[in-house]
Structure formats: structure tokens, C-alpha cells
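Reading through the C-alpha cells given below for one structure.
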Amino acid sequence: MAVFKPENVEDLYEIGEVLGSGHFGQVRQVRERASGKCWAGKFLKIRKNSCSRLGLDRSSVEQEVEILQAVQHPNIVILKDVFESRAEVVLILELVSGGELFDFIAQKDNLLESEAIEFMKQILQGLSFMHSKNIAHFDLKPENVMLSDNVSPHPNIKLIDFGLAHLFHQGEEYRSTSGTPQYIAPEVINNEPLSTAADILSGLSPFQGDTNEDTLKNVIAMNYEFHAQYFSTTSSMAKDFIQKLLVKNPNERMTAEECLLHPWIKPI
Ligand SMILES: Cc1ccc2c(c1)c1c3c(c(C)cc1n2CCCN)C(=O)NC3=O
């Protein structure tokens, strides 16, 4: 069993504003008292016993910590420290102050394809690194693709939130139905054995339906089209790239490594 620091996190960090919250608990900005540097504290409620429904199993937190310690990469958020009290584990994570990529793009009048390629390349570099270590994120969605800062003209992409991530062991069969309906792969919906390929399809959402049920049906049917309203100025190379991701059979879907070699990302 992993042992985390027993010190009281508030002895070393000043707890600041809430940055986000979820089923797991809260993410808050924290300030390291010794250096004055700001980090993100992910405060996770831990189940007191197996009968309790509130909080997370300690084993799932141990897996998130093990995975974050294994994926040190410029496009993946860094884990600095882990503290544990009676019913809480606190992850001290790199603060990515540039906010969500989705918001950065939404506030621009238009996104050049060259900018989209640069963002996609960084996302794929982080994914390719994780997948090379047999780790899948399993919750890749716009909210979990963030920017390191909001000042530089070319901010760095940072993948965050490894709460659903999984480390595949040799020959292991793994199934899960967790995830966000409009971003999950068809094999997740069908409760089939999963692989890192699920990450490749999960980040896109041309499948949005009026209800979660409609969305899931669209994902299963791979029901999408390139509406002229959005794609009239999109290059055929970009559409070819997307089509090679939106493939129902995970074994026929491009891997992150193959994506990085696609001519849209890496022109010949
Ligand atoms: C400036 C800012 C604002 C909101 C943040 C974060 C940072 C943030 C962070 C993290 C997580 C897991 C969630 C976070 N959230 C919650 C929303 C994430 N889409 C994290 O690991 N580092 C962050 O900076």
C-alpha cells in the first residue's frame, strides 16, 4: 500500500480559491508557504470502509498517483506531492493557469488550421507518451485539455485529471463504462475490452444528440457528418485526419503515434 505524507497539508500550503469540483471532491489553488509558489491541490474524499458510498476507494487514488508519477512529460500535468489525513488525500499538482483550451479557442474570432495543428500535435505528444507506457487517460475531453499560461502567444498544452486513467498490465482485459457520454468511445458504451485506442476517439464530439441516450446511439452508429456550416473552409487533409480517428473498430483506428505521422500533422 502506498504511503503518503502524514503532515497536515495546511502546515505547508495556504489553501486558496476553488478551481473546480466533481464527484471526487475539489480542486483548489494552494500557495506553498516556503516558496510562495502556487500549485493546484486536488482534495479527494476517501471511503472510510467498503460499505461507505461516499468518497473514493483508496486503491483508485493510489492508481492515479502511480500513473501521474509514471508520466512526466511537458504536455502532462506534474504531480509534486501527496498528503493524507484521516479521510482525505491531497494531490499537489502543477497549476496550469492558462485555463481550458476550449475557452481559449472560443474567445478567438477564428482558429487558423496551423494553430489547430499545433494544439493537436501537443495533445498527441502527451497521449503518445502515456500510451507508450500502456497508460490510457479514459476521460479525455475539452475540460481536461488545459493551457500552461494565458500570456505566451504559443501556450503549452497540459493534459489533466487522471482520475479515470488505467495502467494496463501484460495480457490484462479491462472494461469500464465510466466517462462522459459525448466523448466516450463505442467500445466503452458496449462494455467491450478497452485499450489506449479509446483515448483517440474520445476527444472529439460530432456525436452530440438532444439527450445522452441519443448521443450514445450516435457514437455507436458512428453517426456524424462534416456540416458545411463548420467545415466549408476545413482542408481535405484535416477531414481525412478526423475520419481516420472516428473509426468504430479500435484496432483499425489510428494510434497516437500514427496520428503524429499523418500528413495533416507532419506535412511531407
Ligand atoms: C486555473 C485553473 C482553473 C480550473 C482548474 C484548474 C486550473 C485545474 C488544475 C488541475 C485540475 C485537475 C483541475 C483544474 N481545474 C478545474 C477545471 C478543469 N477543467 C490540475 O491538475 N492542475 C490545475 O491547474
Side-chain angles (χ1 to χ4, degrees), residues 2 4-5 9 12-32 35-46 55-57 60-84 88-108 119-120 122-123 125-127 129-130 135-152 154-167 178-184 199 202-205 208:
F4 304 138
K5 288 184 175 178
V9 66
L12 289 99
Y13 294 85
E14 186 185 330
I15 311 303
E17 61 171 331
V18 175
L19 298 171
S21 55
H23 64 280
F24 55 84
Q26 281 187 327
V27 177
R28 302 181 73 126
Q29 181 163 318
V30 297
R31 187 175 165 280
E32 189 175 15
S35 65
K37 185 171 164 53
C38 286
W39 301 83
K42 189 175 179 183
F43 294 75
L44 301 168
K45 296 288 180 212
I46 303 301
L56 297 170
D57 276 338
S60 67
V61 176
E62 287 178 14
Q63 170 151 239
E64 180 174 357
V65 169
E66 180 188 354
I67 285 170
L68 280 164
Q69 289 171 333
V71 288
Q72 297 182 25
H73 184 275
N75 297 119
I76 296 174
V77 72
I78 292 167
L79 174 67
K80 174 185 188 315
D81 233 331
V82 187
F83 294 87
E84 180 168 21
E88 186 172 68
V89 170
V90 184
L91 309 187
I92 303 296
L93 295 147
E94 175 186 5
L95 178 64
V96 281
S97 52
E100 298 174 5
L101 173 61
F102 191 85
D103 295 331
F104 176 85
I105 293 171
Q107 72 193 7
K108 291 173 75 75
F119 285 133
M120 182 58 77
Q122 289 190 47
I123 293 169
Q125 284 166 341
L127 267 189
F129 181 76
M130 286 167 47
I135 291 169
H137 188 281
F138 284 145
D139 197 19
L140 208 55
K141 56 187 178 182
E143 296 90 325
N144 289 336
V145 181
M146 297 191 70
L147 298 176
S148 51
D149 61 63
N150 45 20
V151 290
S152 68
H154 304 290
N156 223 29
I157 289 280
K158 292 281 182 180
L159 302 180
I160 66 163
D161 204 342
F162 285 70
L164 295 181
H166 184 76
L167 168 63
S178 301
T180 307
Q182 65 198 87
Y183 300 112
I184 56 179
D199 283 342
S202 62
L204 298 141
S205 175
Q208 180 70 52

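Each ligand, and each atom within it, is numbered from 1 in the order the structure gives.
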Under the side-chain contact (heavy atoms from CB on, under 4.5 Å) rule, what do Ile76 and Phe162 come out as? Steps first, then yes or no, please.
CA-CA 10 Å; Ile76 296 174; Phe162 285 70; 3.6 Å; yes

Counting each atom of ligand 1 from 1 as listed, which ones have a heavy atom of Val77 under 4.0 Å away?
21 (O), 22 (N)

Ile160 vs Val27, side-chain contact (heavy atoms from CB on, under 4.5 Å): CA-CA, chis, key distance, verdict
CA-CA 12 Å; Ile160 66 163; Val27 177; over 6 Å; no

Flag the pair Val145 / Phe104 as yes when at least one side-chain heavy-atom distance between them is below 4.5 Å, and no otherwise.
no

Please indicate whether any nitrogen or oxygen in Glu143 is less than 3.5 Å from any nitrogen or oxygen in ligand 1.
yes

Ignoring hydrogens, just give me the one of Leu159, Val96, Asp161 whose non-hydrogen atom is nearest atom 7 (C) of ligand 1.
Val96

Is there a side-chain contact between Leu147 and Ile157, using heavy atoms and a 4.5 Å cut-off?
yes

Nearest protein heavy atom to atom 5 (C) of ligand 1, by residue and atom, and its distance?
Leu19 CB, 3.7 Å

Does Trp39 form a side-chain contact (heavy atoms from CB on, under 4.5 Å) with Leu91? I'd like the steps, not just the answer.
CA-CA 10 Å; Trp39 301 83; Leu91 309 187; over 6 Å; no

Decide yes or no on side-chain contact (heavy atoms from CB on, under 4.5 Å) for Glu64 and Leu56, but give the supporting numbers first.
CA-CA 11 Å; Glu64 180 174 357; Leu56 297 170; 5.7 Å; no

If you count the atoms of ligand 1 from 1 in the order shown, which ones are under 4.0 Å from a heavy atom of Leu93?
21 (O)

Can you tell whether the side chains of Glu84 and Lys5 come within less than 4.0 Å, N to carboxylate O?
no

Structural part of Glu100 in contact with ligand 1, heavy atom criterion under 4.0 angstrom:
side chain

Keeping Asn144 on the side-chain end and Asp139 on the backbone end, is there a donor-acceptor pair under 3.5 Å?
yes

Gly20 N/O to ligand 1 N/O under 3.5 Å:
no

Does Glu94 come within less than 4.0 angstrom of ligand 1, counting non-hydrogen atoms of the residue?
yes

Give me the nearest non-hydrogen protein atom to atom 14 (C) of ligand 1 as residue plus atom name, then the distance to 0.1 Å.
Val27 CG1, 3.9 Å

If you count the atoms of ligand 1 from 1 in the order shown, which ones are under 4.0 Å from a heavy atom of Met146?
2 (C), 5 (C), 6 (C), 7 (C), 18 (C)

Counting heavy atoms under 4.0 Å, the part of Ile160 that contacts ligand 1 is side chain

Using a 4.0 Å cut-off to any heavy atom of Leu95, which atoms of ligand 1 qualify?
24 (O)

